[in-house]
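Read through the structure below, which is laid out as structure tokens, and then see the notes.
What you see is a predicted model; the values in this text were computed from it and never measured. Reminder, nothing fancy here: chain letters follow the sequence lines and each chain counts from 1.
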There are 2 protein chains.
Amino acid sequence: MDEAAAARIAPMFKALGDPVRLRLAAMIAAQAETCVCDLTPHFALSGPTISHHLKILREAGLVDCERRGTWVHYWIQPAALQSLSTLLQAPAQR
Amino acid sequence: MDEAAAARIAPMFKALGDPVRLRLAAMIAAQAETCVCDLTPHFALSGPTISHHLKILREAGLVDCERRGTWVHYWIQPAALQSLSTLLQAPAQR
DNA sequence: GCCCTATCTTGACATACTTCGAAACAGTGC
DNA sequence: GCACTGTTTCGAAGTATGTCAAGATAGGGC
């Protein structure tokens, strides 16, 4: 792992390194698509705070979103998860 | 993923969420054992700083260490990596 | 044994980043 | 216009990062 690769990948792990974001990502990954209004009630946090965490997941490339009428829908980016998974798996099997 | 599971797992991702620690973990994982004195030269950081990052990896349960004479040897905890990997892989394959 | 050096960790500190809520803003539909 | 859903901005409190100095532990020379 060289410096550039670490700088590219670390933000993804960092994004998952918060309990709230980890749960958000898990909820989004559990379905094909998830509306923000379905996520917010599961947390004792304000709307802006959830929105902030979603933005970090978005900027890390782990999720993507689209506004469709009144609601905003989020979905997981499977390729990103896959690359992290294989990265962890190689040394784990040694 | 319930709240307790997230609180247990997030610190591991957080530990990997720093470029320096990600590279440290990768270097340690690449060999059966690694001496701290082999890690430090690869970074433009002081010894105490490296030691600090290694402590975080240790507290996250990702690596373990042992003093053997003058040197301290670190090794990876494969089970921890494996659990993170499978966690990511399930939704990634959907 | 005693001192000296080398290796690594710990403690104290300054700086920078995170987290979160309140208020303001933007987009959509009636 | 008005109500509703999310996002952005701003500020306060907490947490992380990195350096310096000091401490702990081991080995070698005398």
Side-chain angles (χ1 to χ4, degrees), chain A residues 1 3 6-28 31 33-76, chain B residues 1 3 6-28 31 33-76:
Chain A
M1 160 105 39
E3 218 166 326
R8 198 178 65 250
I9 296 168
M12 298 195 203
F13 282 123
K14 190 172 192 174
L16 294 175
D18 180 278
V20 172
R21 288 196 294 267
L22 186 56
R23 288 176 63 204
L24 281 170
M27 288 180 194
I28 293 170
Q31 300 177 49
E33 276 188 10
T34 314
C35 171
V36 176
C37 58
D38 292 332
L39 296 171
T40 310
H42 291 90
F43 298 87
L45 294 170
S46 67
T49 299
I50 298 294
S51 184
H52 165 73
H53 285 302
L54 287 171
K55 183 179 184 180
I56 291 176
L57 289 174
R58 226 185 309 142
E59 289 176 346
L62 294 170
V63 303
D64 202 358
C65 70
E66 189 184 60
R67 175 161 214 144
R68 220 168 292 150
T70 307
W71 293 280
V72 177
H73 296 264
Y74 277 79
W75 58 87
I76 205 79
Chain B
M1 161 109 34
E3 218 167 326
R8 197 178 64 249
I9 296 167
M12 298 195 204
F13 281 123
K14 189 172 192 175
L16 293 175
D18 180 278
V20 173
R21 289 195 293 267
L22 187 56
R23 286 175 64 204
L24 282 171
M27 289 179 192
I28 293 171
Q31 300 178 48
E33 278 188 8
T34 314
C35 172
V36 177
C37 58
D38 292 332
L39 296 171
T40 310
H42 290 90
F43 298 87
L45 293 171
S46 66
T49 299
I50 298 295
S51 184
H52 166 73
H53 284 302
L54 288 172
K55 182 181 184 178
I56 291 174
L57 289 173
R58 225 185 311 143
E59 289 176 346
L62 294 170
V63 303
D64 203 357
C65 70
E66 190 185 60
R67 175 162 214 143
R68 220 170 291 151
T70 307
W71 294 279
V72 176
H73 296 265
Y74 276 79
W75 58 88
I76 205 79

How long is the line joining [atom1] of [X] and [atom2] of [N], in whole Å?
| X | N | atom1 | atom2 | result |
| --- | --- | --- | --- | --- |
| B:H53 | C:dC8 | NE2 | P | 17 Å |
| A:E59 | C:dT18 | CD | C1' | 13 Å |
| A:H52 | C:dC17 | NE2 | C1' | 11 Å |

remark   = Test side chain to side chain contact (heavy atoms under 4.5 Å, CB included), reference B:M27, set B:I76, B:D38, B:L39, output is B:L39
key: Intermediate values then yes/no, side chain to side chain contact (heavy atoms under 4.5 Å, CB included), B:H53 and B:F43   = CA-CA 12 Å; B:H53 284 302; B:F43 298 87; over 6 Å; no
Contact summary for [X] and [Y], nearest pair of heavy atoms:
| X | Y | answer |
| --- | --- | --- |
| A:C65 | A:R58 | SG-CD, 3.7 Å |
| A:P19 | B:A6 | O-CB, 3.8 Å |
| B:A26 | A:M1 | CB-CB, 3.7 Å |
| A:I56 | A:R21 | CD1-NH1, 3.4 Å |
| A:L22 | A:L16 | CB-O, 3.8 Å |

key: Stepwise side chain to side chain contact (heavy atoms under 4.5 Å, CB included) check, A:L24 with A:T34   = CA-CA 10 Å; A:L24 281 170; A:T34 314; over 6 Å; no
Within the 4.0 Å heavy-atom criterion, would you say [X] contacts the bases, only the backbone, or no part of the nucleic acid?
| X | result |
| --- | --- |
| A:C35 | sugar-phosphate |
| B:I56 | sugar-phosphate |
| A:L39 | nothing |
| B:Y74 | sugar-phosphate |

query = Quick one: CG on A:L45 to CD1 on A:I50, what's the gap to the nearest 0.5 Å?
reply = 5.0 Å
A:H73 side, atom NE2; A:E33 side, atom CD - distance, nearest 0.5 Å = 6.0 Å
task = State, with a plain yes or no, whether a side-chain heavy atom of B:T49 is found less than 4.5 Å away from one of B:V20.
result = no
key: C:dT19 phosphate, OP1 or OP2, under 4.0 Å from A:R21 side-chain N/O   = yes
message = What range of DNA chain D does chain B touch, first nucleotide to last, counting atoms under 4.0 Å from its heavy atoms?
response = D:dA16 to D:dG27
remark   = By nearest-nucleotide position on DNA chain C, the 5'-leaning member of A:G47 and B:W71 is B:W71
query = Tell me, for nucleotides 22-30 of chain C in 5' to 3' order, what letter each nucleotide earns: B for a base near a protein heavy atom under 4.0 Å, S for only sugar-phosphate near one, - for neither?
reply = BB---BSS-
remark   = Note: contacts of residues 9-19 of chain A with DNA chain C (heavy atom, under 4.0 Å) are A:K14, A:D18
